Structures are given as structure tokens and as C-alpha cells.
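Report on the structure given below.
If you're wondering where the values come from, they're calculated on a predicted model, not measured in any experiment. In the text below, chain A, chain B and the rest are named by the order of the sequence lines, each starting its count at 1.
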2 protein chains.
Amino acid sequence: MNKLKVYIADDHTFVRKGMIRLLNTFDRIGEVKEAANGNELIALVKKTIPDLVVLDLEMPEKNGFDTSKHLIDHYPEVGILILTMHTEEVFILNLIELGVHGFLNKSAEPEEVERALYAVADNDFYRNEIVNHALRSGVRRSTEASSAKLSPRELEILLLICKELTPHEVSTRLQISEKTFFNHRSNILGKIGARGNVGLVKYAYQNHLLELSA
Amino acid sequence: MNKLKVYIADDHTFVRKGMIRLLNTFDRIGEVKEAANGNELIALVKKTIPDLVVLDLEMPEKNGFDTSKHLIDHYPEVGILILTMHTEEVFILNLIELGVHGFLNKSAEPEEVERALYAVADNDFYRNEIVNHALRSGVRRSTEASSAKLSPRELEILLLICKELTPHEVSTRLQISEKTFFNHRSNILGKIGARGNVGLVKYAYQNHLLELSA
DNA sequence: AAAAAAAATGGGAGTTACTCCCATGTAAAA
DNA sequence: TTTTACATGGGAGTAACTCCCATTTTTTTT
């Protein structure tokens, strides 16, 4: 019987150490390694491929999303469990599409952590309330009038707005008329259900299009 | 030699458990109790007054700020250490003024945690980089031309803007003319160095006047 | 291949959201 | 007591929008 090799990446020492201590109490968990960010974790994986990785989303250097993408591209056999703080719906949907194997809230009980680890190792996917909630809201999105899936152009414009560019600056940079800019902006506002730039920036933050550190 | 009684409040199980595990390795730390939010912690304190408490800022029910206020009012002899995620300058300055005894980042090393606990127990205050940084930014605020210390009215208006209220709605609610609203808004923009609502919302997020979950 | 839907573009006309500069009373510092 | 910050407001002009409409291209569905 070979035990599971698990790597964890989280920049917060307490979370990391707490998780390691917990993992060591589980029967089927063997070697545990730790990393403070995505790059460190990828370096560990490069040396020896683990059975599972546990990833925080917000990390310096390389965040959980980019790390997941890299792992799925290069090491598809590794099970990925995402550690979340809040339930960032849209981000979670993106991660599910990307192919991660499960989600755990940082306030999860030890039993759930164990269940999640074994589910990913044995069945390839751990479905819990976080996933259900995200999927439910995803259904809502695609049936309701105000769908939140932005087109590439809209995303581009959203990001430029978030950089504090004026309408004139954006339209000049993109070589389109201000009219077109405003049309795009209105469409974005409609899709995300906001009234103006305030709601737009909040959407960007909540969907991790913008980071707190930037 | 009586050991230190420490209570910890944090809604994230991993952080809490990790901290408890760490505290148990320290020589001078005796009994450790835990709570998932401020109210639970206050209930514990009511029963037996501890030497130190370690508080997370973001918690359900009662957050770290309100909990600190309550403890300082009712149990001034208790040492308060705040556990922070990012370095929320404005919030930290408020907490220092309130009278908390120290700050620890969640990614702090075990050695620093031990140092901080003993410093608060022995000298009543633990001064580290987090505090220095907050104080420095506070000095900058009061000497530089573009001061970022908002007046109460300005803060009120900033928050209403962040709730996606229109200028008309804000001025109606506050019973002031739209002119006055715009004057306040301009002053805010000047102080925080922003061009419009985009920068304003970003400022609110970065200074934790707004939370990602909201 | 044909039809439909979504994406990207732009205009006319009107309203709202601002900016810049100025001014006043009041309260708190120096 | 003279500053300095705070909260309030006006006049006049500009930039930032909204609403409704229309065209072309690309992508998806049938």
C-alpha cells in the first residue's frame, strides 16, 4: 500500500503549517512538502511528481490559477485541490473548466479535508457545497438575460477602464470612436449588472481580474 | 512561574489550528483556547480573563476591530495581538489609536510570533515592520501636499460612492447640494491621487474600506 | 451551405456627471 | 489670534455618459 504524496502551496505560514500538521494525522497521507508560492511548488513537482497538490489562490510570484494551468498542462496526473477564502464563484467556474479536481474552504473541518483528499485521489473529483454553489450560479448566468461572460474586446476595455484611462484615452489607444467605446462599456455594465465604473471595478476585483496588491 | 493564558479568534480553521499548534511549542505559553469569531472570544474572556488574545480582523459575527474595542473597554489588562493578511495601513492606524498591542502577519515565522507574544506580555507593545510601515505612511499623510487622511464626511461620501449611489442619490441622502457632493469628491480624489471613481474604488479596496466578499 | 446569433463598429440627440475657480461660516490648531 | 482644515454652495463650461438605432463581420447553429 503506497501512501499519497501531497504538496501544499500557500504564502501564509499558519495556514501552511496548520495544513501540514493536519495532513500528518491522516492514515493514507505519506510525504508532505510545502511551498510559499506557485513557482516554488512547480519546482518541487519538477523534482518528484506528487499525487496531490493543495493550492491557495492568492499568492505572490505565481498565483493558484496560473499554477493550476501549468500543472494541468504539464502534469495532468496530479490531483489539484484549491484552497479558497471566500467563495469566488466566477473564478471557481473558470478553475473547474480548467480542470482542477476540488475546492476546500480555509475554514473547513478536518473530516472534510480528509474526505476531499481521498475523493480526488480515488475518483478524480471532489464535489462539495462550494462547487455546487458555483455551478448553480453558473446556470443562472447562462439562462438569465444578464450573462456575465464578457467578450475579449469587452474584457480588454474593462481592464483599460480599471487602469484609470479616460474614454478618450481608451478609444484612442484602441483606434475606435468614443461612441464604440461607450457602447462596449454599456454592454459590459449590462452583463455584469452594474450602474457605472464603481460597479465595474468591484466586479473586476471580485472576479480577480484585478489584484489587491496592484 | 505562571505561564501565559492565550485565546485566539479566527474563523479559518487552518489558521487557528496552526496557531494553536505553534503556541503549544512555546515555553512560556500555558493554556490556549480558541474561538471562531469575536463574540465567541468575548464569551471565553468573560469566564476567565486571559493574558493575551490573538485576533483575526475579518471574521463573521463580530470582527477584530469591534472585538478589540470591546476588550479595551472592558478588559484593559488583556494584551491584544492582531493577525493581519495584507498590511492594511489605514485600519492599522485606527487599531493603534484604539490601543491594541501589536500586529502579526499571517505569514510570520514562528520566531516572530514568540517574540511578539512575549513583547506584549512584558512591555505592553510589540513594534515591528507592520507598525513602522503604518506609522511612516501616517507621517507621510500629514506632511505631504496630497494627504490621504480623509475627513469623516469624506469617508462617508467615499463609502456611499462605493455603494454605487449616483451623485444625486448621495446628495439627497446626506441633505447637501450636488455641488457640495462634487466638492467633497474632488477633495477625496486629490487626497488619494485618483482621477475618478475607478481610482476611488481601488483605494477603498486597497485600504480595506471595502471587502472582496461584499 | 444557409440561417441565426453574437461581436464589433458608429451616429444623433439629449441628460448627467463632472471640473475649475470662487466664496462663506465654523471649528479646531498653532 | 491668525492659521488651517472642514463643510457648505454657486456660475459656467466640458467631458462623460444614456437611449435608440443602424451596419458589417465573425462565429455558431441548423
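A straight line from CG of A/N187 to C1' of D/dC21 spans 14 Å, rounded to a whole angstrom. At whole-Å resolution of the value, CZ in B/F181 and C1' in C/dC18 are 10 Å apart. Protein atom CD of A/E178 is 14 Å distant from nucleotide atom P of C/dG12, rounded to whole Å. In this structure, CG of A/L165 is placed 17 Å from P of D/dA15, rounded to the nearest angstrom. Put simply, CG on A/L174 is 15 Å from C1' on C/dG10, counting in whole angstrom units. Here C/dA8 presents its P atom at 11 Å from CG of A/L155, a figure rounded to the nearest Å. Atom C1' of nucleotide D/dA7 and atom CG of B/L150 are separated by 14 Å, given to the nearest angstrom. In this structure, A/I176 atom CD1 and C/dG11 atom P are separated by 12 Å, rounded to whole Å.
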* Pair A/V53-A/I80, side chain to side chain contact (heavy atoms under 4.5 Å, CB included): steps then yes or no -> CA-CA 5 Å; A/V53 295; A/I80 301 176; 3.8 Å; yes

* Mind running side chain to side chain contact (heavy atoms under 4.5 Å, CB included) on B/K202 and A/Y205 for me, showing each step along the way? => CA-CA 9 Å; B/K202 285 165 84 171; A/Y205 270 113; 3.5 Å; yes

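Atom CG in B/N187 sits 10.0 Å away from atom CG in B/L150 (nearest 0.5 Å). Separation of atoms CZ (B/F182) and NE2 (B/H184) is listed at 12.5 Å; rounding is to 0.5 Å. For the atom pair CD of B/E112 and CG of B/L117, the computed distance is 10.5 Å after rounding to the nearest 0.5 Å. One distance of note links CG of A/N37 with CG of A/D56; it measures 11.0 Å at 0.5 Å rounding. Expressed to the nearest 0.5 Å, how far OG of B/S171 lies from CZ of B/R185 amounts to 12.5 Å.
In terms of phosphate contacts, A/S177 brings a side-chain nitrogen or oxygen within less than 4.0 Å of OP1 or OP2 of C/dG10. OP1 or OP2 of C/dA7 has not a single side-chain nitrogen or oxygen of A/H184 nearer than 4.0 Å.
Remark: A/D122 pairs with A/R28, A/Y118 by the side-chain contact (heavy atoms from CB on, under 4.5 Å) rule, at least two apart or across chains.
Ranking C/dA17, C/dA8, D/dA7 by closeness to the B/E154 side chain, first place goes to D/dA7. Considering only side-chain atoms of A/H168, the nucleotide from C/dA7, C/dA17, D/dA16 that sits closest is D/dA16.
Residues A/F14 and B/L83 meet the side-chain proximity criterion, which asks for heavy atoms closer than 4.5 Å.
By the 4.0 Å N-to-carboxylate-O rule, B/K106 lies too far from A/D11 to be salt-bridged with it.
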Pairs under 3.5 angstrom only: tabulate donor-acceptor contacts from the side chains of residues 39-51 of chain A to other protein residues two or more places apart or in another chain.
unit_1 : atom_1 : unit_2 : atom_2 : d
A/E40  : OE1    : A/A36  : N      : 2.9
A/D51  : OD2    : A/K5   : N      : 2.7

Would you tabulate the side-chain donor-acceptor contacts of residues 152-165 of chain B under 3.5 Å, counting partners in other chains and residues two or more places apart, or write 'none'?
unit_1 : atom_1 : unit_2 : atom_2 : d
B/R153 : NH1    : B/E156 : OE1    : 3.0
B/E154 : OE1    : B/S151 : N      : 2.9
B/E154 : OE1    : B/S151 : OG     : 3.4
B/E154 : OE1    : B/K191 : NZ     : 2.8
B/E164 : OE1    : A/R195 : N      : 3.1

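Listed in residue order, the members of residues 156-163 of chain B having a heavy atom less than 4.0 Å from DNA chain C come to none.
Stretches of at least 3 consecutive Watson-Crick or G-U wobble pairs, with each checked distance under 3.5 Å, appear in DNA chain D as C:1-24 with D:7-30, C:26-29 with D:2-5.
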Give each protein N/O atom lying under 3.5 Å from an N/O atom of nucleotides 18-20 of chain D, with the pair distance.
unit_1 : atom_1 : unit_2 : atom_2 : d
D/dT18 : OP2    : A/S186 : OG     : 3.0
D/dT18 : O4     : A/K179 : NZ     : 3.3

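Here B/T180 lies in heavy-atom contact (under 4.0 Å) with a base.
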